[in-house]
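Both counts, for ligands and for their atoms, begin at 1 and track the order of listing. These numbers were taken from a predicted model, which means no experiment stands behind them.
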Amino acid sequence: MIATLDDLNVEGTTVGVRVDVNSPIGDDGTLADDARLRAHVDTLSELLERGGQVAVLAHQGRPGSDDFVSLESHADRLSELLGQPVDYVDATFTDAARDAVRGLSNGDCLVLENTRFYSEEYMEFDPERAARTHLVEGLESVLDVYVNDAFAAAHRSQPSLVGLPTVLPSYAGRVMEAELDVLGSIEETPEPRVYVLGGAKVPDSIDVAWSVLEKGLADHVLTAGVVGNVFLIADGVDLGDASSDFIYEQGYWDEIDRAADLLDAYGDRIALPRDVAVARNDERHELGVNALPPGNGESAMDIGESTLDYYRRILGDAETVILNGPAGVFEDDRFKTGTRQLYDAATDIPTSIVGGGDTASALRKLGVDGFSHISTGGGAALRMLTAESLPAVTALENAPKQPAADD
Ligand SMILES: Nc1ncnc2c1ncn2[C@@H]1O[C@H](COP(=O)(O)OP(=O)(O)O)[C@@H](O)[C@H]1O
Ligand SMILES: O=C(OP(=O)(O)O)[C@H](O)COP(=O)(O)O
């Protein structure tokens with residue numbers, strides 16, 4: 001049983017809040033999209049309004065990537081979103097960080113530095129070992145309780161996600177609570193249930209497909225995006241060198257065999273694209289699978305009209321649809337229509353659940369809304385869809401007992 005903010009005595013309590021604000025970063029090295037920050041505003045404002053002293057913990061990017069930057073611009077934007085000053089300290093668990101946390105008064109908020117600036121935070125540990133890392137040992141003495149609102153990172157077994165809840169009374173924030181409510185009870189959603197698996201996380205999507213087909217959770221699995229391309233190749237379609245090279249370069253070549261095994265076992269419930277869109281003379285050009293392979297250098301970048309008609313027919317009978325990953329390279333105007341039309345059709349279904357960071361940003365960009373639930377997580381949502389436990393959620397379940405709420 002996971003405790004929530006309803007179970008927490010907030011007034012006068014120093015709360016370490018782990019959020020996931022891992023976001024696109026602009027050329028100037030600052031935050032370029034505040035959607036993930038906005039998702040956490042409810043949790044943070046509730047804690048502040050209830051008299052908490054809030055220290056925010058988060059990662060941004062991965063070591064070596066261009067988006068591996070400080071959280072200073074995140075703190076600035078958070079201040080605007082919360083409508084109050086938000087301090088930023090360029091330290092996570094050192095004396096400077098501890099002094100800043102000790103200096104908080106009721107209703108104050110500060111953002112600590114990117115947790116991944118410290119190497120241990122980019123490693124995976126079991127919770128007991130994570131509890132003995134520098135980050136946890138450094139912060140434990142200045143925090144009274146821990147709140148995890150970082151659903152999108154809950155599949156990582158890193159110190160700020162599994163170590164802190166091992167040593168501190170711990171609670172799920174409002175984002176975490178809502179995500180677990182929805183994604184934790186998929187099997188109770190009405191049937192027929194259709195899964196749409198697109199995007200580029202091919203191994204994860206194939207795991208989901210195996211799991212939901214094997215357990216009888218999916219009446220149909222519709223494939224699109226790079227996932228659809230892998231299934232087409234597994235089905236013997238020649239997608240041409242450009243698409244095949246892309247799949248090979250991503251390290252997904254072995255997934256073709258797994259997709260073929262899935263088709264052997266559950267082919268009657270797996271739908272494959274009937275046509276694809278390529279760039280020809282700089283314009284979108286659709287080709288039926290019978291007309292493949294495409295021309296030299298042409299890559300399958302989207303699903304076409306005939307696939308959309310076919311998928312719309314299947315969706316027409318569904319009561320629940322669960323979608324992950326765009327249907328094509330939506331960032332390119334020529335290849336956004338598959339994603340827009342497929343997701344638009346899904347909004348007509350009574351229960352429509354969307355997972356995936358890139359998917360959420362695709363939907364915002366394309367102006368598609370009306371879903372029952374849009375998850376803040378990509379990898380975490382996919383892991384939950386296979387009914388696997390998430391390390392950070394397990395750590396919350398096993399966290400030390402909390403004092404009863406009195407407010
Ligand atoms: N046919 C395709 N070829 C190459 N890339 C694709 C194709 N379809 C979708 N993509 C890419 O997949 C990416 C998103 O996939 P993914 O990261 O799995 O989504 P999410 O973050 O929502 O889980 C997008 O950048 C999109 O351009
Ligand atoms: O953006 C995230 O995951 P997502 O791309 O699966 O949504 C999380 O912040 C986890 O980041 P990570 O995949 O670098 O551990």
Side-chain angles (χ1 to χ4, degrees), residues 18-25 33 35-37 39-40 58-65 67-68 114-116 121-124 149-158 160-161 175 179 196-206 208 223-233 239-240 242-247 249-250 252 273 276-279 294 298-304 307 323-339 342-343 354-366 374-385 390-392:
R18 179 58 159 99
V19 294
D20 190 322
V21 292
N22 186 27
S23 306
I25 298 296
D33 177 343
R36 275 190 159 161
L37 268 174
H40 293 293
H59 74 274
Q60 168 62 54
R62 297 176 177 181
S65 64
D67 64 354
F68 188 51
N114 185 346
T115 52
R116 286 189 181 168
E121 183 69 6
Y122 197 54
M123 296 168 71
E124 303 256 332
D149 214 25
F151 172 76
H155 53 319
R156 306 290 179 216
S157 196
Q158 293 162 348
S160 69
L161 294 154
V175 170
E179 296 276 16
V196 178
L197 299 176
K201 294 189 182 83
V202 178
D204 292 337
S205 295
I206 291 186
V208 172
T223 63
V226 184
V227 178
N229 290 352
V230 166
F231 272 91
L232 283 173
I233 296 173
L239 271 186
S243 290
S244 299
D245 289 351
F246 178 81
I247 289 164
E249 282 157 17
Q250 301 293 307
Y252 294 158
V276 299
V278 300
E298 292 175 353
S299 184
M301 307 279 268
D302 196 7
I303 53 173
T307 308
L323 310 100
N324 183 271
V329 183
F330 70 90
E331 298 91 339
D332 182 325
D333 280 348
R334 295 168 298 179
F335 303 114
K336 65 186 184 190
T337 184
T339 303
L342 187 60
Y343 276 75
V354 178
D358 282 326
T359 309
S361 95
L363 297 176
R364 275 194 304 280
K365 184 175 171 206
L366 301 174
I374 299 183
S375 176
T376 51
L382 280 166
R383 281 276 286 274
M384 272 207 80
L385 293 178
L390 306 184

Side chain, backbone, both or neither: which part of Glu124 comes within less than 4.0 Å of ligand 2 when only heavy atoms are counted? neither
Please write down residue, atom name and distance for the protein heavy atom closest to atom 3 (O) of ligand 2. Ala152 O, 3.9 Å
With a cutoff of 4.0 Å, is Arg116 in contact with ligand 2, counting heavy atoms of the residue only? yes
The criterion is ring-ring contact (aromatic ring centres under 6.0 Å, His included); which residues satisfy it with Phe246, sequence neighbours excluded? none
With sequence neighbours excluded, residues passing side chain to side chain donor-acceptor pair (under 3.5 Å) with Ser299: Ser243
Identity and distance of the protein heavy atom lying nearest atom 2 (C) of ligand 2: Arg36 NH1, 3.6 Å
Hey, does the side chain of Asn229 reach the backbone of Ala300 with a donor-acceptor pair shorter than 3.5 angstrom? yes
What protein heavy atom sits nearest atom 8 (C) of ligand 2, and how far off is it? Asp20 OD2, 3.2 Å
Thr359 side chain reached by Leu323 side chain, heavy atoms, under 4.5 Å: no
Would you check if Thr339 and Leu366 make a side-chain contact, meaning some heavy-atom pair closer than 4.5 Å? yes
Under 3.5 Å between some N or O of ligand 2 and some N or O of Gly378? yes
Test of understanding: given a 4.0 Å heavy-atom threshold, classify the contact between Arg383 and ligand 2 as side chain, backbone, both, or neither. neither
Side chain proximity check, Asp67 to Pro24, heavy atoms < 4.5 angstrom: no
Starting from the N and O atoms of ligand 1, collect every protein N/O partner closer than 3.5 Å and put each pair on its own line with the distance to 0.1 Å.
residue  : atom   : partner : partner atom : Å
ligand 1 : 1 (N)  : Ala300  : O            : 3.0
ligand 1 : 15 (O) : Ala200  : N            : 3.1
ligand 1 : 17 (O) : Lys201  : NZ           : 3.3
ligand 1 : 17 (O) : Asp358  : OD2          : 3.0
ligand 1 : 18 (O) : Ala200  : N            : 2.9
ligand 1 : 18 (O) : Lys201  : N            : 3.2
ligand 1 : 21 (O) : Lys201  : NZ           : 3.1
ligand 1 : 21 (O) : Asp358  : N            : 2.9
ligand 1 : 21 (O) : Asp358  : OD2          : 3.3
ligand 1 : 22 (O) : Asp358  : N            : 3.3
ligand 1 : 22 (O) : Thr359  : N            : 2.7
ligand 1 : 22 (O) : Thr359  : OG1          : 2.4
ligand 1 : 23 (O) : Lys201  : NZ           : 2.9
ligand 1 : 25 (O) : Glu331  : OE2          : 2.6
ligand 1 : 27 (O) : Glu331  : OE1          : 2.7
ligand 1 : 27 (O) : Glu331  : OE2          : 3.3

Look up atom NE2 in His155 and atom CE in Met384, then write down how far apart they are to the nearest 0.5 Å. 12.5 Å
Tell me, which protein residue and heavy-atom name are nearest atom 15 (O) of ligand 2, and how many Å apart are they? Arg156 NE, 2.6 Å
Gln158: side chain to side chain donor-acceptor pair (under 3.5 Å) partners, not counting sequence neighbours: Arg116
Side chains of Ser160 and Arg18: any donor to acceptor distance under 3.5 Å? yes
For ligand 2, which atoms, with element, lie under 4.0 Å from some heavy atom of Asn22? 1 (O), 2 (C), 8 (C), 9 (O), 11 (O)
Give the residue, atom name and distance (to 0.1 Å) of the protein heavy atom nearest atom 6 (O) of ligand 2. Gly379 N, 2.6 Å
Students should be able to answer this: which protein heavy-atom is nearest to atom 13 (O) of ligand 2, and at what distance? Arg62 NH2, 2.6 Å
So do Lys336 and Asp302 actually touch side chain to side chain, heavy atoms under 4.5 Å? no
What is the closest protein heavy atom to atom 5 (O) of ligand 2, and at what distance does it sit? Lys201 NZ, 4.2 Å
Heavy atom of the protein closest to atom 11 (O) of ligand 2 (residue, atom name, distance): His59 NE2, 3.4 Å
